[in-house]
**Student:** 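Let me give you the structure first, and then I'll get to my questions.
Chain A is the first sequence line, chain B the second, and so forth, proteins listed ahead of strands; every chain is numbered from 1.
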Number of protein chains: 2
Amino acid sequence: MSGDDPRAEQATDDALRALAEPRRRAILRLVADAELPAGQIAEAFDVTRTAISQHLSVLKNAGLLHERRDGTRRLYRARAEGLAGLQAFLDQMWATSLQTAARLVEAERGVTDGGHADAAG
Amino acid sequence: MSGDDPRAEQATDDALRALAEPRRRAILRLVADAELPAGQIAEAFDVTRTAISQHLSVLKNAGLLHERRDGTRRLYRARAEGLAGLQAFLDQMWATSLQTAARLVEAERGVTDGGHADAAG
DNA sequence: CAACTCCGACAGTTGACGCTAACGTTCGTC
DNA sequence: GACGAACGTTAGCGTCAACTGTCGGAGTTG
């Protein structure tokens, strides 16, 4: 896959930065179980509704939140699609890191045993 | 359920906050492919070695980096284990969000069609 | 021991982020 | 049309993190 896409990198950055805040993660967990209006979400925390509104904006801008209008209220729920890019990023990093670790361990063991390590640039 | 462990939450928070910075993600990608000394890592960016050193400290403190001494140099490589908690967190969120979305869609369709919703709540 | 290299630690500055308070907008009701 | 409710938006403030420059420690070399 084209892992050099700046679009995907930007999306991953947004999602990661949004998830880096504990409050936002809590909000996301809250709306992952059920659809809730902004007021009810705000009542679950000890901060003002404004702060929650901003957090909701960040999450929505990061593609992690889905908004639905219902009269004066706006219902929010988590958007699983927003986590796909992040999971792909983590998966790729995980695989590469494991491969590198195994390769380095083998190379070091080769050096320690006999010292015929190749491609030790 | 072991999902309420504050230890895991703290580890996830540290890893997430560390990965939220694009520079640190680039560093992690760099050392995911091969083991590199701090100087070589610093030369790959347009910032001072001090900044890179601090980034390395953050990554190491978050459990995402592995340090190995080699004379005056210190080789760094990515640590795949540090990403395990994060992947678990994302996986759980993903599953919950998908289930909730499907449930809500079914409920709404039931209301729209005829209104014989069987109280899936 | 002295000189050089590589690297981390400390203090200071600047930009970004989160929180609060006041206001504007949209929708529902009388 | 007027009033109230729910929510987002803007401006201001405080705080945290990233970046820079300088210094000190650890290790190799002569």
**Student:** Regarding A:E21 and A:R23, does a basic nitrogen lie under 4.0 Å from an acidic carboxylate oxygen?
**Tutor:** no

**Student:** So, do B:D14 and B:V58 sit near enough that their side-chain heavy atoms are less than 4.5 Å apart?
**Tutor:**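 No - every pair of side-chain heavy atoms lies 4.5 Å or more apart.
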
**Student:** Considering heavy-atom distances to DNA chain C, does A:T48 or A:R17 have its closest nucleotide positioned more toward the 5' end?
**Tutor:** A:R17

**Student:** Measure CD/A:E67 against C1'/D:dA6 and give the value in whole Å, please.
**Tutor:**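 Nearest whole value for this atom pair: 13 Å.
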
**Student:** How many Å lie between NZ on A:K60 and C1' on D:dC7, as a whole number?
**Tutor:** 10 Å

**Student:** On DNA chain D, compare the nucleotides closest to B:V58 and A:P37; which residue's is nearer the 5' end?
**Tutor:**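 Mapping each residue to its closest nucleotide by heavy atoms, the 5'-most match is A:P37.
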
**Student:** Could you state the NE2-P distance from B:H55 to C:dA9, rounded to the nearest angstrom?
**Tutor:**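 Roughly 15 Å, once rounded to whole Å.
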
**Student:** Send over the distance from A:L56 CG to D:dC7 P, rounded to a whole Å.
**Tutor:** 10 Å

**Student:** Rounded to the Å, how far apart are A:L36 CG and D:dA6 P?
**Tutor:** 15 Å

**Student:** Kindly point out which of D:dA26, C:dC10, C:dT20 is positioned nearest to the side chain of B:R69?
**Tutor:**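 Among the listed nucleotides, the one closest to the side chain of B:R69 is D:dA26.
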
**Student:** For A:E21, answer base if it contacts any base atom (sugar-phosphate contacts may also be present), sugar-phosphate if it contacts only those atoms, and nothing otherwise; contact means non-hydrogen atoms under 4.0 Å.
**Tutor:** sugar-phosphate

**Student:** Do A:E9 and B:R25 sit within salt-bridge range, that is, some charged N less than 4.0 Å from a carboxylate O?
**Tutor:**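 Yes, this pair counts.
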
**Student:** Assign each of A:G71 and A:D46 to its nearest nucleotide of DNA chain C by heavy atoms, then name whichever residue's nucleotide is nearer the 5' end.
**Tutor:**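 Residue closer to the 5' terminus by nearest nucleotide: A:D46.
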
**Student:** Taking the side chain as every heavy atom from C-beta outward, state whether A:T100 and B:E35 have any pair of such atoms under 4.5 Å apart.
**Tutor:**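 A side-chain contact is absent here, since even the closest heavy-atom pair is not under 4.5 Å.
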
**Student:** As a test of reading the structure: which of C:dC10, D:dT28, C:dA21 is closest to the side chain of A:T50, going by heavy atoms?
**Tutor:**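 Between C:dC10, D:dT28, C:dA21, the one nearest the side chain of A:T50 would be C:dA21.
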
**Student:** Check the distance between D:dA5's C1' and A:R73's CZ and give it to me in whole angstrom.
**Tutor:**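 After rounding, the gap between these two atoms is 11 Å.
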
**Student:** Grab the two heavy atoms, one from A:A20 and one from B:A20, that are nearest each other, plus how far apart they are.
**Tutor:** CB-CB, 3.7 Å

**Student:** How long is the line joining CZ of B:R23 and C1' of C:dA16, in whole Å?
**Tutor:** 15 Å

**Student:** Using atom CZ of B:F45 as one end and atom C1' of D:dA18 as the other, report the distance to the nearest whole Å.
**Tutor:** 14 Å

